[in-house]
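The block underneath contains the structure these notes are about, expressed in structure tokens.
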Amino acid sequence: MIDDDEHILEEAGRALTSAGHDVTATSRTVGMAKFLREVDVVVLDFHMPGLDGAEVVASLRAASATLGDAAPHFYIYTTDLDAMRRAKEFGFDGVIKDKGNMQALVHQAGMAIRLRRLRGLVRSAAG
């Protein structure tokens with residue numbers, strides 16, 4: 001999870017960990033590519049100082065290009081309705097809504113993780 005709000009990162013980390021997920025949470029956008037091989041889903045705040053989520057997701061997608069089917073899925077996490085509507089255009093795989101609502105985050109992130117793993121299984125079986 002990448003977000004410039006430390007409070008959101010702490011709450012989200014606790015909530016997701018309590019739900020049984022392994023979480024890497026950071027406010028840094030630089031240097032995150034090294035974790036991409038180890039994660040199923042990247043939850044990314046859209047509005048951060050100096051960069052927006054579209055720039056960050058483009059950079060992370062480029063860094064994960066060599067991972068093929070092992071590349072994580074990228075989800076926008078914002079309250080910005082326009083950004084949510086344009087998520088696919090920006091390069092996100094989906095949207096996690098209700099930013100700040102930890103119960104919604106746990107539910108939606110869990111679904112995103114299951115979807116990512118299911119797609120990976122389907123591709124593996126087809127290959």
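We count residues from 1, following the sequence as given.
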**Study point:** Summary of salt bridge (charged side-chain N to carboxylate O under 4.0 Å, His left out) pairs that have at least one residue in residues 14-27, sequence neighbours excluded
**Key:** none
Point to revise | Criterion side-chain contact (heavy atoms from CB on, under 4.5 Å) on Val95 and Tyr77, from CA distance to verdict | key: CA-CA 6 Å; Val95 175; Tyr77 191 47; over 6 Å; no
Point to revise | Residue pair Asp3 / Leu9: nearest heavy atoms and the distance that separates them | key: O-CD1, 3.2 Å
Check your understanding: Is the closest side-chain heavy-atom distance between Ser64 and Phe74 below 4.5 Å?
Key -> yes
**Study point:** Short side-chain to backbone donor-acceptor contact, Arg116 and Ala71, under 3.5 Å
**Key:** yes
Exercise for review: Mind jotting down which residue pairs meet the salt bridge (charged side-chain N to carboxylate O under 4.0 Å, His left out) criterion with at least one end in residues 45-61? Sequence neighbours excluded, please.
Suggested key: Asp45-Lys99, Arg61-Asp93
**Study point:** Whether Gln108 side chain and Lys97 backbone form a donor-acceptor pair below 3.5 Å
**Key:** yes
Practice item. Could you list the residues that satisfy ring-ring contact (aromatic ring centres under 6.0 Å, His included) with Phe46, not counting sequence neighbours? Key: Phe90
Review point. Does some side-chain heavy atom of Asp40 sit less than 4.5 Å from a side-chain heavy atom of Arg117?
Key: yes
Check your understanding: For the side chain to side chain contact (heavy atoms under 4.5 Å, CB included) test, which of Val39, Thr17, Val43 pairs with Val23?
Key -> Thr17
Point to revise | CG on Asp4 to CG on Leu51, rounded to 0.5 Å | key: 10.5 Å
Review point. Counting heavy atoms not belonging to Gln103, are there more than 12 under 6.0 Å from its CD?
Key: no
**Study point:** Hydrophobic cluster membership, Met84 vs Met111, 4.5 Å side-chain cutoff
**Key:** no
Review point. What is the minimum heavy-atom distance between Val57 and Gly91, and which atoms define it?
Key: CG2-O, 3.9 Å
**Study point:** Matching residue for His47 among Asp80, Thr79, Thr78 - test: side chain to side chain donor-acceptor pair (under 3.5 Å)
**Key:** Asp80
**Study point:** Contact check, side chains of Val42 and Leu36, non-hydrogen atoms, under 4.5 Å
**Key:** yes
Check your understanding: Does Leu105 reach the side chain of Asp98, with side-chain heavy atoms less than 4.5 Å apart?
Key -> no
Practice item. Report yes if the side chains of Met102 and Leu16 come closer than 4.5 Å at any heavy-atom pair, otherwise no. Key: no
Exercise for review: Please report the closest heavy-atom contact between Ile76 and Ala87, naming both atoms and the distance.
Suggested key: CG2-CB, 3.9 Å
Check your understanding: Does a side-chain heavy-atom distance below 4.5 Å link Met1 with Thr24?
Key -> no
Exercise for review: Taking all heavy atoms of Tyr75 and all of Leu115, pick out the closest pair and write down the distance.
Suggested key: OH-CD2, 3.9 Å
Practice item. Would you check if the side chain of Arg114 reaches a backbone N or O of Gly110 as a donor-acceptor pair within less than 3.5 Å? Key: yes
